[in-house]
Amino acid sequence: MTVKIKLREVSLTIDGDYQSSEPMTHDYPGSEESFEVERVTTVSGDDIMGLVENDLAGIEELALEAIHDQQDGEEAENEERRREDRRAS
């Protein structure tokens, strides 16, 4: 998955592996959501993974926030479409 974040006012593109959370059941402990950074690039495409290795935990947190924001935006758009469809019928 690719997300865009700002780290110290610098826009970055983050490529990584996103795993959504899984609910706990009586025979499965569940799991928390996670994002594992695989690549960090600047808007010009320069790979700066080596320069931000000490910030990966913070970058992963920002990436999860960006994913949540994107999901919230999609949910709001879907709700608006449903309202418009109800008005049209």
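What you see is a predicted model; the values in this text were computed from it and never measured.
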Visitor: Do Leu56 and Met49 have side chains that get closer than 4.5 Å, going by heavy atoms?
Guide: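 In contact.
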
Visitor: Taking CD in Glu80 as the centre, count heavy atoms belonging to other residues, nucleotides or ligands within less than 6.0 Å. Is the count above 12?
Guide: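 Buried by this count: over 12 neighbours within 6.0 Å.
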
Visitor: Which atom names give the shortest non-hydrogen contact between Ala66 and Ile5, and what distance separates them?
Guide: CB-CG2, 4.2 Å

Visitor: Give me the atom names and distance for the closest heavy-atom approach of Asp47 to Val40.
Guide: OD1-O, 3.3 Å

Visitor: Which value, rounded to the nearest 0.5 Å, describes the distance between Asp72 atom CG and Ile67 atom CD1?
Guide: 12.0 Å

Visitor: State, to 0.1 Å, how close Phe35 and Asp15 come at their nearest heavy-atom pair, and which atoms those are.
Guide: CZ-C, 4.1 Å

Visitor: Compare every heavy atom of Ser20 with every heavy atom of Ser31, then report the nearest pair and how far apart it is.
Guide: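 That closest heavy-atom pairing would be OG-O, 4.3 Å.
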
Visitor: Nearest 0.5 Å, please: how far is CG in Asn54 from CG in Leu51?
Guide: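 Reported value, rounded in 0.5 Å steps: 10.5 Å.
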
Visitor: Could you check whether atom CZ of Arg82 has more than 12 heavy atoms from other residues, nucleotides or ligands sitting under 6.0 Å from it?
Guide: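 It does: Arg82 CZ has more than 12 such atoms within range.
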
Visitor: Could you give me the CA-CA distance, side-chain angles and deciding distance for Arg8 and Asp55, then say whether side-chain contact (heavy atoms from CB on, under 4.5 Å) is met?
Guide: CA-CA 11 Å; Arg8 295 186 203 102; Asp55 296 315; 3.0 Å; yes

Visitor: Tell me the closest heavy-atom pair linking Lys6 and Leu62, and the distance in Å.
Guide: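 Between these two residues, the closest heavy atoms are O-CD1, 3.7 Å.
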
Visitor: Grab the two heavy atoms, one from Glu33 and one from His68, that are nearest each other, plus how far apart they are.
Guide: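 The pair with the smallest heavy-atom distance is OE2-NE2, 2.6 Å.
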
Visitor: Any chance you could measure Leu64, atom CG, to Asp69, atom CG, to the nearest 0.5 Å?
Guide: 11.0 Å

Visitor: Between Asp17 and Gln19, does a side chain to side chain donor-acceptor pair (under 3.5 Å) hold up when you go through it step by step?
Guide: CA-CA 7 Å; Asp17 182 35; Gln19 298 294 319; 3.1 Å; yes

Visitor: Taking atom CD of Glu38 as the centre, report whether more than 12 heavy atoms of other residues, nucleotides or ligands fall under 6.0 Å from it.
Guide: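 Counting neighbours around CD of Glu38, more than 12 heavy atoms of other residues, nucleotides or ligands fall under 6.0 Å, so yes.
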
Visitor: Consider side chain to side chain contact (heavy atoms under 4.5 Å, CB included). Of Val10, Ile48, Thr13, which one does Thr42 pass it with?
Guide: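 Passing option: Ile48.
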
Visitor: Ile14 and side chain to side chain contact (heavy atoms under 4.5 Å, CB included): which partner among Val37, Thr2, Thr41?
Guide: Val37

